[in-house]
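Keep in mind it's a predicted model, so treat the numbers as computed, not measured. Throughout, protein chains are lettered first and strands after them, A, B, ... in sequence-line order, and every chain is numbered starting at 1. Only this structure's heavy atoms are used, side chains among them; waters, hydrogens and symmetry mates stay out.
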There are 2 protein chains.
Amino acid sequence: MADAISKATMLRFPAYLRYLKTEAGRGNKYISSAVIAEAMGLSAVAVRKDLAGISSQPGKPGSGFEVSELIADIERRLGFRSRTNAAVVGAGRLGRAMLAYDGFEAYGIHVVAAFDVSPVVIGAADGKPIYPMERIFEVVRREDIRVGILTVSRENAQAATDDMIKAGIGAILSFVPAYVHVPDGVLIRYEDLAASLAGVCGGLLLSE
Amino acid sequence: MADAISKATMLRFPAYLRYLKTEAGRGNKYISSAVIAEAMGLSAVAVRKDLAGISSQPGKPGSGFEVSELIADIERRLGFRSRTNAAVVGAGRLGRAMLAYDGFEAYGIHVVAAFDVSPVVIGAADGKPIYPMERIFEVVRREDIRVGILTVSRENAQAATDDMIKAGIGAILSFVPAYVHVPDGVLIRYEDLAASLAGVCGGLLLSE
DNA sequence: TCGCTTTTGATATTTTTTTATCGATTATTA
DNA sequence: TAATAATCGATAAAAAAATATCAAAAGCGA
């Protein structure tokens with residue numbers, strides 16, 4: 001690849017994308033790094049440096065960057081142009097909330113189904129099917145599901161993860177407050193809601 | 001203060017805490033940096049450096065760190081020993097899931113109430129009251145609520161945030177996919193579920 | 001057209017974070 | 001008790017990221 005983009009920058013791209021889409025929705029055609037920085041709490045220099053890595057069209061002095069170009073560039077870089085199917089594993093309250101959440105679509109992610117061991121929640125929610133856990137192997141293959149959202153209980157986390165991987169899922173976003181073991185080649189990221197909130201509380205004491 | 005602890009380390013502490021509590025639950029009294037590193041996907045050196053900043057007792061060569069000491073140290077540093085009250089604003093699906101989520105207790109955070117503009121959800125869920133939005137001013141004061149969890153729709157985000165701040169909330173964790181403006185002194189952190197998931201998808205292509 | 005303002009992009013600098021190395025200390029075992 | 005293995009803490013080096021500076025290009029108004 002041309003110029004390696006830093007990991008930190010990569011992590012910021014989804015946030016840029018969200019902001020830029022908001023601006024596009026307001027009808028703004030051009031936007032300057034200073035405006036983006038102000039809105040997102042970054043420095044203008046940082047924004048320019050981040051954008052320099054992916055913008056196909058350079059920003060124009062005097063007016064700034066073309067919003068639609070930037071959106072296209074970021075989406076292309078992040079691979080959002082291609083559809084990715086996802087599934088929720090664990091159809092509890094949080095899992096069903098994820099199943100209903102419509103924000104994923106903007107990133108080209110389609111949550112197409114959920115799975116749960118407990119028979120009481122089998123059925124459908126928001127027009128999306130909830131399957132019994134044992135059907136995960138068949139459904140993942142049929143629906144070409146690549147990503148899993150793990151929202152089971154702590155006790156079931158490892159077993160559910162094993163099944164997901166065995167079914168062919170290669171990337172997992174886990175909301176379970178426990179570490180699970182995954183083989184090499186499987187990507188797992190932990191989203192610890194409690195820790196995030198705790199971080200906010202703790203942040204009250206810090207400067208940032 | 002003695003030695004400034006890096007921001008990156010601070011962000012890792014909640015994860016350490018979670019892991020250490022798991023180990024404590026298994027009855028392990030001592031743990032080595034190598035074991036922690038292996039479980040959490042870090043290097044042993046990094047773990048030792050992080051822990052050096054907060055451990056009141058130094059780790060003992062040959063056996064490692066005392067788990068209960070570490071937990072106490074981290075909790076003390078993060079201020080989890082004192083109770084913090086929180087409230088959910090926006091009692092939709094995600095909001096009610098947050099209201100019911102019991103993982104916050106482990107960090108000394110107590111979600112005591114929710115607020116919503118829509119009358120249909122006013123009432124109570126999981127033994128916790130859901131108030132109409134206009135009562136936020138009174139309830140926040142009475143219950144000494146310090147932190148807010150924002151789960152309203154994009155359209156209502158700014159108005160809800162303004163009310164939260166006016167009511168006296170100084171720290172917000174927002175799940176709304178839009179940036180809102182807050183005055184200086186108010187801490188807001190965005191938790192973008194879609195972006196997180198997108199990051200996992202994108203991460204499939206990267207090396208990490 | 002001309003000067004002024006805005007805004008970029010490149011380079012350089014500083015800060016932060018990660019990683020490596022190594023002697024010293026403690027447990028373990030024979 | 002003595003040798004061996006495990007583990008730490010401190011220091012140093014390397015890598016990554018954030019921040020500052022500034023000349024040049026593009027718009028804007030007179």
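- The aromatic rings of A:Tyr16 and A:Phe13 sit tilted, their planes meeting at an angle between 30° and 60°.
- With distances taken from any side-chain atom of B:Val45 to the nucleotides C:dA20, D:dA20, C:dT17, the minimum falls on C:dA20.
- Ranking D:dA26, D:dT19, C:dT19 by closeness to the A:Lys49 side chain, first place goes to D:dT19.
- Atoms OH (B:Tyr30) and P (C:dT25) sit 19 Å apart, rounded to a whole Å.
- As a whole-Å value, the separation of B:Leu51 CG from C:dT18 C1' is 16 Å.
- Aromatic ring centres of A:Tyr179 and A:Tyr190 lie closer together than 6.0 Å.
- The existence of a salt bridge linking A:Glu75 and A:Lys21 is confirmed by a sub-4.0 Å separation between a basic side-chain nitrogen and an acidic carboxylate oxygen.
- Ranked by how close their nearest DNA chain C nucleotide is to the 5' end, A:Ala44 and B:Asp50 are led by A:Ala44.
- Applying the 4.0 Å criterion to OP1 and OP2 of C:dT7, one finds that A:Ser33 has every side-chain N and O outside that range.
- Which of C:dT8, C:dG9, C:dT17 sits closest to the side chain of A:Pro61 comes down to C:dT8.
- Comparing atom distances between the A:Arg48 side chain and each of C:dT25, C:dT19, C:dT8 picks out C:dT8 as nearest.
- B:Glu155 and B:Ser153 share a donor-acceptor pair across their side chains, judged by distance under 3.5 Å alone.
- For B:Ser32, the side-chain atoms get nearest to D:dC8 when compared with the rest of D:dC8, D:dT19, C:dT17.
- Atom CD1 in B:Ile31 sits roughly 10 Å away from atom P in D:dC8 (whole-Å rounding).
- Sequence order on DNA chain D of the closest nucleotides to A:Ser43 and B:Gly59 puts B:Gly59 first from the 5' end.
- Atom CD of B:Gln57 and atom C1' of C:dT25 are 16 Å apart (whole Å).
- Taking atom CG on A:Leu42 and atom C1' on D:dA17, their separation rounds to 13 Å, with Å as the unit.
- The side chain of A:Ser6 places an N or O atom within less than 4.0 Å of a non-bridging phosphate oxygen (OP1 or OP2) of D:dA17.
- Remark: C1' of C:dT8 and CD1 of A:Ile36 are 12 Å apart, rounded to the nearest angstrom.
- Distance from the side chain of B:Lys60 is smallest for C:dA27 among the nucleotides D:dT19, C:dA27, D:dG9.
- If you take CZ of A:Arg12 and C1' of D:dT19, they are 12 Å apart, rounded to a whole angstrom.
- Within the nucleic acid shown, A:Ala8 comes within 4.0 Å of sugar-phosphate atoms alone, with no base atom in reach, counting heavy atoms only.
- A distance-only check finds a donor-acceptor pair linking the side chain of B:Asp116 to the backbone of B:Ala91 [under 3.5 Å].
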